[in-house]
Enquirer: 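Quick one: this structure, given as structure tokens, is what I'll be asking you about.
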Amino acid sequence: MRHDHLLTAKQLSRADIEAVLARAREFADDPAAHADRHPGALLALCFFEPSTRTKMSFETAAKRLGGDVIDMGAVEDSSVKKGESLADTARVVEGYADGIVLRHPSQGAARMASEFVDVPLVNAGDGAGHHPSQTLLDLYTIDENAGLDDLTIGVMGDLKYGRTVHSLAHALTNFDVRQHFISPESLRLPRSVRYDLHEAGANVREHDDLDAVLPELDVLYVTRIQRERFPDEEEYEKVAGEYRIDAETLGAASDDLAVMHPLPRIDEIDPEIDASPNATYFEQAHNGVPVRMALLDLLLREGGDAE
Ligand code: NCD
């Protein structure tokens with residue numbers, strides 16, 4: 001992989017993805033055995049929006065590689081509160097760390113910040129934009145459970161504001177995949193994403209109902225309605241609680257269906273499914289550590305070139 005920054009899934013070629021997944025597999029075998037890989041490396045965590053998994057798995061990954069993290073902490077406790085610009089924050093933090101992980105509510109924030117820094121910067125979510133490191137762990141999980149070629153995937157829920165969906169949809173165009181998108185009319189994929197998928201020759205269909213397509217699916221990727229991105233609470237109320245799955249829903253699915261979710265879930269997946277062999281979302285979250293170890297390993301090497 002030869003990238004200075006990871007900003008969107010669009011920049012990932014099939015070879016890049018395969019390189020990360022192969023390395024992640026090595027790390028997954030024994031995550032604690034690689035502390036000699038990047039001793040002393042410092043990763044800065046700058047999260048301007050809430051996070052549990054992304055932040056903690058990047059922190060775990062950095063520490064497993066022998067490095068450490070410095071954490072900007074809550075926005076309320078930082079100089080952002082005093083009116084500091086993101087560009088200035090980025091310029092300052094790059095002087096402290098060997099890499100930056102940035103989450104921000106504004107779409108395009110990671111790209112903008114990356115223009116001010118020389119250390120590798122990972123976009124850990126920019127508003128309703130992209131979340132490419134989540135995509136890498138999603139791809140790893142899909143590969144482990146269903147394989148990435150000759151795959152039929154359904155992606156359901158908030159396709160408009162869900163950044164994990166946008167990144168995953170782009171990345172899947174590198175593989176032989178049939179993508180089915182299931183959502184209410186008002187939460188369909190943004191036009192720009194649909195355009196990119198079309199340009200990439202992706203095999204894509206959109207539905208407002210899961211039933212018709214469920215039996216064909218190898219993977220069902222469920223997402224949370226992104227309440228915080230709705231300009232109007234009433235619009236959220238109209239779609240909240242739609243597109244839920246429970247044990248009865250799975251009755252019509254293939255026995256091998258892998259149910260995925262980037263988490264956090266609210267009520268999209270009934271907890272009664274958690275103990276079923278179809279539930280893959282906790283395994284998916286755990287895969288965040290070896291996959292982010294692999295990503296950091298590749299990015300932190302000189303010039304971002306690991307080979
Ligand atoms: C996602 C996000 O932040 O986009 N969370 C995550 O990183 N696993 C999904 C979400 O918040 O719904």
Side-chain angles (χ1 to χ4, degrees), residues 6-10 24 43 45-62 69 71-72 74-75 100-111 121-142 153 155-171 181-184 187 189-190 193 219-230 236 239-245 258-269 274 279-293 295-296:
L6 180 58
L7 303 176
T8 114
K10 281 194 242 182
L43 188 66
L45 304 175
C46 299
F47 280 68
F48 292 75
E49 271 193 345
S51 172
T52 303
R53 274 152 293 275
T54 305
K55 191 165 155 178
M56 291 184 76
S57 62
F58 265 116
E59 177 161 359
T60 310
V69 295
D71 186 345
M72 184 185 87
V75 170
I100 299 175
V101 182
L102 174 71
R103 170 170 288 186
H104 199 278
S106 303
Q107 201 164 334
R111 180 169 302 282
L121 183 144
V122 177
N123 176 10
D126 61 327
H130 280 269
H131 192 352
S133 69
Q134 175 72 39
T135 292
L136 289 167
L137 73 93
D138 293 343
L139 294 173
Y140 183 91
T141 309
I142 293 170
I153 185 170
V155 183
M156 183 170 86
D158 188 345
L159 313 179
K160 180 177 180 181
Y161 297 117
R163 55 198 176 196
T164 69
V165 171
H166 306 159
S167 288
L168 181 61
H170 278 111
F181 292 100
I182 306 122
S183 74
L187 295 181
L189 284 175
V193 176
V219 172
L220 175 60
Y221 188 98
V222 184
T223 64
R224 173 179 73 88
I225 309 286
Q226 308 278 300
R227 181 177 202 157
E228 67 277 27
R229 312 231 183 271
F230 278 67
Y236 169 76
V239 286
E242 280 191 59
Y243 299 89
R244 301 185 64 236
I245 65 161
V259 178
M260 295 176 58
H261 192 305
L263 303 178
R265 88 175 129 181
I266 309 304
D267 58 1
E268 311 79 51
I269 300 179
D274 294 357
T280 311
Y281 27 94
F282 293 115
E283 170 191 330
Q284 182 184 354
H286 294 157
N287 289 337
V289 171
V291 171
R292 289 184 167 121
M293 285 174 76
L295 176 63
L296 291 178

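Every number for a ligand or one of its atoms is a count from 1 in the order of the listing. Because the structure is predicted, anything quoted here is derived from the model rather than measured. All values below were derived from every heavy atom in this structure, side-chain atoms included, with hydrogens, water molecules and symmetry-related copies excluded.
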Enquirer: With a heavy-atom distance limit of 4.0 Å, tell me whether Glu49 approaches ligand 1 through its side chain, its backbone, both, or neither.
Expert: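 Contact part for Glu49 vs ligand 1: neither.
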
Enquirer: Is it possible for you to check whether Arg103 lies under 6.0 Å from the centre of the six-membered ring of Phe47, through NZ or CZ, and within 45° of that ring's axis?
Expert: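 Relative to the ring axis of Phe47, which defines the angle, Arg103 lies outside at least one limit.
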
Enquirer: Between the side chains of His130 and Ser167, does any donor sit under 3.5 Å from an acceptor?
Expert: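 Their side chains do contain a donor-acceptor pair, which is all the 3.5 Å distance test asks for.
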
Enquirer: I'd like the name of whichever of Gln226, Arg229, Glu228 reaches closest to atom 12 (O) of ligand 1 through any heavy atom.
Expert: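 Selected option, by shortest heavy-atom distance: Gln226.
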
Enquirer: Do me a favour and list the nearest non-hydrogen protein atom to atom 11 (O) of ligand 1 with residue, atom name and distance?
Expert: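 Here the closest protein heavy atom is Arg224 NH2, 2.9 Å.
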
Enquirer: Please answer whether the main-chain N or O of Val193 pairs with a side-chain N or O of His166 as donor and acceptor at a distance below 3.5 Å.
Expert: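 Side chain of His166 to backbone of Val193, a donor-acceptor pair under 3.5 Å: no, none is there.
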
Enquirer: Pick one: which of Thr280, Thr164, Thr141 meets side-chain hydrogen bond (donor to acceptor under 3.5 Å, both in side chains) with Tyr221?
Expert: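 Only one of Thr280, Thr164, Thr141 forms a side-chain hydrogen bond (donor to acceptor under 3.5 Å, both in side chains) with Tyr221, namely Thr164.
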
Enquirer: Which of the numbered atoms in ligand 1 are below 4.0 angstrom from a heavy atom of Leu263?
Expert: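 The atoms of ligand 1 under 4.0 Å from a heavy atom of Leu263 are 1 (C), 5 (N), 6 (C), 8 (N), 9 (C).
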
Enquirer: Taking only heavy atoms of Pro264, which atoms of ligand 1 are found under 4.0 Å from at least one of them?
Expert: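 What qualifies from ligand 1 is 10 (C), 11 (O).
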
Enquirer: Decide side-chain hydrogen bond (donor to acceptor under 3.5 Å, both in side chains) for Tyr281 and Asp274; before the verdict, give the C-alpha distance in whole Å, the side-chain angles of both, and the deciding distance to 0.1 Å.
Expert: CA-CA 9 Å; Tyr281 27 94; Asp274 294 357; 2.7 Å; yes

Enquirer: Parallel, tilted or perpendicular: which describes the rings of Phe48 and His104, with under 30° parallel and over 60° perpendicular?
Expert: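 Tilted, since the angle between the ring planes falls between 30° and 60°.
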
Enquirer: Is Thr164 in polar range of ligand 1, meaning some N or O pair under 3.5 Å apart?
Expert: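 N/O-N/O distance under 3.5 Å: no.
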
Enquirer: Only heavy atoms count here, so choose which of His131, Arg163, His130 is nearest to atom 3 (O) of ligand 1.
Expert: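 Looking at heavy atoms only, the winner is Arg163.
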
Enquirer: Which ligand 1 atoms, with their elements, are less than 4.0 angstrom from a heavy-atom of Thr54?
Expert: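 Near Thr54, meaning under 4.0 Å from one of its heavy atoms, ligand 1 has 6 (C), 7 (O).
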
